[in-house]
J.: 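Quick one: the structure is below, and I'll ask about it shortly.
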Amino acid sequence: TNTQEKQYVGFATLPNQVHRKSVKKGFDFTLMVAGESGMGKSTLVNSLFLTDLYKDRKLLNAEERINQTVEIIKHTVDIEEKGVKLKLTIVDTPGFGDAVNNNECWKPITDYIDQQFEQYFRDESGLNRKNIQDNRVHCCLYFIPPFGHGCMKALHEKVNIIPLIAKADCLTPNEIKKLKDRIREEIDKFGIKVYQFPECDSDEDEEFKQLDKELKECTPFAVIGSNTVVEARGQRVRGRLYPWGIVEVENQSHCDFVKLRNMLIRSHMHDLKDVTCDVHYENYRAQCIQEMTSKLTQDNRMESPIPILSTPDVETEKLIKMKDEELKRMQEMLNKMQQQMHDKDQ
Amino acid sequence: QQFDLIVSLSKEFSGPSFHHRHSTKPAAVCGTSASCLHRHTHAPTPNSVMAKEEKGMEEREMKKEMELEMELKAEVKVELCPTVPGLQMSFIRGTDLFGYVGIEAVLDQMRRKTIKAGLEFNIMVVGQSGLGKSTLVNTLFKSKVSRKSCTPNYEEKISKTVKLHSVSHVIEEKGVKMKLTVIDTPGFGDQINNDNCWEPIVKHVNEQYEKYLREELHINRKRRIPDSRVHCCIYFLPATGHRLRPIDVEFMKRLGKIVSIVPVIAKADTLTIEERQEFKEQIRQDLAANGIRVYPQKEYDEDPEERILNDRIRESIPFAVVGTDKEHQVNGNKVLGRKTKWGIIEVENVAHCEFANLRDLLIRSHLQDLKDVTHDIHYETYRVRRLNESNMNYSELGLSTWPLENKCESDSHL
């Protein structure tokens, strides 16, 4: 209406302005996958991002793997869709959980995460902050084998963990339900902090709220991945072909792949990045500064971890000093006078 | 390209056969990685059994084709299912042709967050009293965010020094909340001797940068650091029609280095269109002659598209504005305007004055950019200067003694 137009200032266009800048800049996202070999991690990642990152991979045999330590391997892919660019980095952890003694298998992973935090901290504290690269790990997909447990606790305060039940096609729906319940119990019991979906806004529509509720009740997601296309029900779908039937990756009654993909990419990617920046990274930074500062008081030769600003105005300090001395003098005079009066009385 | 792949379950093994045809471009386009270049196999003639060597030869041929072909096609490999006799399965490698990742939804997520978080915008107005600063700000934001000094009960006397005066309001529009802070500078240029009257302003701008910097360096810093930095400084030039005055030059020279200045010609209803054009041209020359950089600064244009847009703006500044909060009837419509005996000056009519251009620049198109320039350029300049002053060698932070060895990390950049 005319009167509405009159009152319109126009700053509601701000989200559009921000939108335009973001499209130009593009996004980046770092995803870590952790789990024993053969859990279907690579296949799942391929299915999620519709690429083939592992084309020329050579699988090691058991002998070669006996003494293998956990490696950290990064793959980077640029994906563009409808003009939006995403630089996706997948951090793979081959060897995790594969050795005979797996007590310290999480250490290279936590070291890697810390290293990225450290690098970002340095960059952020430096002089030229124009093109800082954000290599921090935004999310870790943790693959729990369908028959076992895991060791999420080492990672839970460093990165957003999303536990997944891998190779869910070897479980019946009942077994899946039982396993999910058990895992949720263990998570509660051991106080493992997995990624929490943020609360729905009160002004979101009912459909969104319902979807959000279903999502939360469905964790941990039971997933299946596939690199192959098969024909099912007259359509071509991603799936796995067995003698007893076809498992469709994108069929919600078969597995939670669609929920995971929607959550990871379409609805919660931004929040995952925010939680990484605002919680995990800030914790690291605060801890780092405290440790360094305590070391600093012990060892004068060490530099301060963060830039310390010089104290204000030398002038003001001089002034304060002068006033202090004046006060002191006056106090002394007062004391003298009091003494004199006291003597006089006496 | 849409491939139609038909996997056929045939009871008798009659040799691999598959059909495909090319059609339109795929929805998901995989990026620049070499691994996304694929080969495609030609459909063999039916009833022919492809020998292994033939397949190998064909593959080599196709590799050559790869360099010539620019379109993405999927590599398709057909194999026999080891368990089910007569069943052929096809494996697709590379881009899935009928899938859609859904990355653009991230933009929606961002938009929702931006709207939820709201924004802060701090605008400073500088100019002698009586130039219509408060009126203009009120007109810009369509609300009484600034109190005019000519109103009754306005208690501040004209002080001997410039005393800055901040007022904040929260205004909401279409679900987006903005905390607008207007910083007024009464007393600027009002004295007979105006030496150094810009100093309190320079001090204020730097103080906001300092506040932000300290918060940023704090150990337990807030998620969203409250932003009181001046995003934009509107400098009011009286419509003399001649050229920049010494006070204008001095002020803009100094402030132009630390904040984004938007000069405007105030009370422009005393200039005819020709006079206005001449005045603007003269001002632009004076600005260039004195090395004064006003917003949008040429050096900060990020890409050619932005340069073209900003060049157009640079050719029309300073905007000649008229402000008012009164409405009148013109041709049956209510318009914001100033009524005189010789006509009504319509503030939002671009034929009359350039208020609408100013509003569009500040709010509708460059609001975010003003904030970005303040944060990425002015603030960073201040920060670098402060850190250098403090003389800390932070490029070798104490972190170099951090007990992490650099683990073996192999990068595979596809």
Side-chain angles (χ1 to χ4, degrees), chain A residues 7 9-15 17-19 21-22 27 49-53 55 72-82 84 86 108 111-112 114-115 118 122 125-127 129 227-231 236 241 243 265-267 269-270 278 286 289 292 302-310, chain B residues 5 7 28-33 35 83-84 89-94 96 99 101-107 109-111 113-115 119 141-142 173-174 176 178 217 219-220 223 363-364 367-368 380 384 386-387 389-390 392-399 402 404 407 409-414:
Chain A
Q7 295 312 309
V9 178
F11 61 84
T13 60
L14 185 86
Q17 297 177 36
V18 176
H19 178 123
K21 286 192 173 228
S22 312
F27 295 92
F49 295 100
L50 303 180
T51 62
D52 190 353
L53 298 176
K55 230 168 158 224
I72 305 279
I73 298 185
K74 267 168 52 174
H75 301 278
T76 311
V77 177
D78 292 311
I79 304 179
E80 180 171 338
E81 219 172 63
K82 298 204 179 158
V84 183
L86 173 70
D111 284 351
Y112 177 82
D114 280 341
Q115 262 173 10
E118 178 187 323
R122 278 180 199 259
S125 308
L127 275 182
R129 310 201 293 184
N227 278 335
T228 68
V229 172
V230 294
E231 181 167 322
R236 291 169 304 288
L241 180 57
I265 302 170
R266 298 185 190 176
S267 53
M269 187 179 267
H270 202 70
D278 297 337
I289 295 176
M292 288 298 150
M302 199 172 282
E303 307 279 355
S304 163
I306 43 167
I308 295 179
L309 298 175
S310 53
Chain B
L5 266 187
V7 175
V29 175
C30 203
T32 53
S33 355
S35 73
T83 47
V84 178
M89 307 188 300
S90 39
F91 293 82
I92 278 195
R93 299 266 149 167
D96 192 301
V101 180
I103 305 172
E104 70 187 61
V106 186
L107 289 173
Q109 297 170 39
M110 252 191 50
R111 180 187 295 244
K113 281 231 159 138
T114 313
I115 294 180
L119 65 136
F141 294 100
K142 298 248 164 93
E173 193 170 83
K174 295 196 180 165
V176 181
M178 171 156 84
L217 291 177
I219 289 187
N220 288 318
R223 248 188 207 213
I363 302 173
R364 295 186 187 177
L367 184 66
Q368 186 60 36
E380 287 296 311
V384 168
R386 279 297 274 136
L387 296 184
E389 275 171 16
S390 302
M392 296 301 287
N393 189 10
Y394 42 80
S395 57
E396 291 162 7
L397 300 174
L399 294 172
W402 189 252
L404 292 178
K407 275 284 168 178
E409 182 185 304
S410 43
D411 280 327
S412 143
H413 208 107
L414 294 184

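By convention in this document, chain letters (A, B, ...) are assigned in the order of the sequence lines, proteins followed by strands, and residues within each chain are numbered from 1. Heavy atoms only: backbone and side chains are in, while hydrogens, waters and symmetry mates are out. Computed from a predicted structure; not experimentally measured.
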J.: Between Ile363(B) and Gln17(A), what is the shortest heavy-atom contact and its length?
T.: O-NE2, 3.0 Å
J.: Excluding sequence neighbours, so at least two apart, what forms side-chain contact (heavy atoms from CB on, under 4.5 Å) with Leu107(B)?
T.: His19(A), Ser22(A), Val23(A), Phe27(A), Val84(A)
J.: To the nearest 0.5 angstrom, please state how far the CG atom of Leu14(A) sits from the CD1 atom of Ile115(B).
T.: 9.0 Å
J.: What distance do Arg364(B) atom CZ and Thr13(A) atom OG1 have between them, rounded to the nearest 0.5 Å?
T.: 7.5 Å
J.: Judged by atom type as modelled, is there a donor-acceptor pair below 3.5 Å linking the side chain of Gln109(B) to the main-chain atoms of His270(A)?
T.: yes
J.: Of the non-hydrogen atoms in Ser125(A) and Leu387(B), which two are nearest, and what is the gap between them?
T.: O-CD1, 4.4 Å
J.: Taking it one step at a time, do Arg111(B) and Val18(A) satisfy side-chain contact (heavy atoms from CB on, under 4.5 Å)?
T.: CA-CA 8 Å; Arg111(B) 180 187 295 244; Val18(A) 176; over 6 Å; no
J.: For Lys174(B), what residues pass the salt bridge (Lys or Arg N to Asp or Glu O under 4.0 Å) criterion, not counting sequence neighbours?
T.: none
J.: For Glu380(B), is it the side chain, the backbone, both, or neither that has a heavy atom closer than 4.5 Å to a heavy atom of chain A?
T.: side chain
